[in-house]
Structure formats: structure tokens, C-alpha cells
Amino acid sequence: MKISRPNAKNLTPEEIRQLEHLKATIERATADGKVTRQELETIKAAEWADGKVSVQELELYRTLILEKIEKGELEYEW
């Protein structure tokens with residue numbers, strides 16, 4: 001299913017930098033095929049660094065963590 005966001009605005013350079021930082025944080029945390037509670041706390045802190053969580057940040061979280069856990073590609077350690 002394709003999702004359309006006709007009212008979406010172009011990202012600012014700062015927002016792009018924050019997305020890249022979040023992606024790098026997620027990739028470091030999941031490189032071993034596992035994600036811990038502490039790593040999730042670090043990821044959430046990166047998401048909230050600017051005081052808000054954008055749609056793009058939620059999409060990264062969903063695709064790089066939640067979908068991989070669901071598919072069995074990533075393990076969540078309690």
C-alpha cells in the first residue's frame with residue numbers, strides 16, 4: 001500500500017541531519033541482530049532530541065526496528 005502525504009513539507013537541512021543521526025543510531029544498535037531496552041532508550045532519546053518526533057522518524061523506527069522484529073530478523077532482549 002502506498003501512503004501519500006500531499007501536505008508534507010520538504011525537510012530542512014537540520015531535519016535531514018537529525019534523520020541521518022537517528023538512522024545511524026538505529027543501525028549501531030541493531031548491528032548484532034538484537035536490540036536491548038537500553039538501546040531503545042537511546043533511540044527514543046535521538047528521536048526526541050529536537051522536542052518532537054516527525055513522521056519520517058517514526059517511519060525509520062517502524063522499518064528498521066518494528067518490521068524486523070516482526071519478521072524475526074531482529075530480536076528484542078527484555
Side-chain angles (χ1 to χ4, degrees):
M1 175 169 87
K2 183 175 180 174
I3 298 174
S4 172
R5 291 188 182 85
N7 297 328
K9 298 175 184 172
N10 290 333
L11 297 176
T12 66
E14 178 63 20
E15 290 169 328
I16 292 170
R17 187 195 65 73
Q18 289 172 346
L19 273 177
E20 290 170 352
H21 174 72
L22 176 60
K23 184 176 180 183
T25 301
I26 292 172
E27 288 173 346
R28 276 192 308 274
T30 60
D32 63 355
K34 300 174 185 173
V35 65
T36 65
R37 183 179 304 241
Q38 180 60 42
E39 289 169 331
L40 285 179
E41 298 282 330
T42 301
I43 291 165
K44 288 179 184 180
E47 287 177 324
W48 283 97
D50 61 352
K52 63 183 187 247
V53 178
S54 70
V55 170
Q56 293 84 0
E57 289 170 324
L58 289 174
E59 286 177 357
L60 271 179
Y61 185 83
R62 181 182 51 80
T63 57
L64 297 179
I65 296 178
L66 297 179
E67 286 182 3
K68 288 184 177 185
I69 290 173
E70 196 173 279
K71 292 177 185 176
E73 298 172 2
L74 183 64
E75 182 181 329
Y76 176 61
E77 291 188 344
W78 297 91

Determine whether Ile69 and Glu75 satisfy the following criterion, side-chain contact (heavy atoms from CB on, under 4.5 Å), listing intermediate values before the conclusion. CA-CA 6 Å; Ile69 290 173; Glu75 182 181 329; over 6 Å; no
Ion pair present between Glu77 and Lys34, side-chain N to carboxylate O less than 4.0 angstrom? yes
How many angstroms lie between [atom1] in [X] and [atom2] in [Y], if you round to the nearest 0.5 Å?
X     : Y     : atom1 : atom2 : value
Gln18 : Thr25 : CD    : OG1   : 11.5 Å
Leu60 : Leu19 : CG    : CG    : 5.5 Å
Ile26 : Thr42 : CD1   : OG1   : 11.5 Å
Gln56 : Glu47 : CD    : CD    : 12.0 Å

Could you go through Leu64 and Leu74, starting from their C-alpha distance and side-chain angles, then the distance that decides it, and tell me whether this counts as side-chain contact (heavy atoms from CB on, under 4.5 Å)? CA-CA 9 Å; Leu64 297 179; Leu74 183 64; over 6 Å; no
Quick one: do Trp48 and Leu66 end up in the same hydrophobic cluster if we chain Ile, Leu, Val, Met, Phe, Trp and Tyr together by side-chain heavy atoms under 4.5 Å apart? no
Which heavy atom of Val35 sits nearest to which heavy atom of Glu39, and what is that distance? CA-OE1, 3.1 Å
With distance as the sole test, does Thr30 use its side chain to make a donor-acceptor pair with the main-chain N or O of Gly33 at under 3.5 Å? no
Among residues at least two apart in sequence or on other chains, which ones pass side-chain contact (heavy atoms from CB on, under 4.5 Å) with Arg17? Glu14
With a 4.5 Å limit on heavy-atom distance, are the side chains of Glu15 and Thr12 in contact? yes
Is the shortest heavy-atom distance from the side chain of Thr36 to the side chain of Tyr76 under 4.5 Å? no
Which residue, His21, Glu27, Glu20, forms the side chain to side chain contact (heavy atoms under 4.5 Å, CB included) with Lys23? Glu27
Let me see the working for Leu40 and Tyr61 under side-chain contact (heavy atoms from CB on, under 4.5 Å), right down to the final yes or no. CA-CA 10 Å; Leu40 285 179; Tyr61 185 83; 3.8 Å; yes
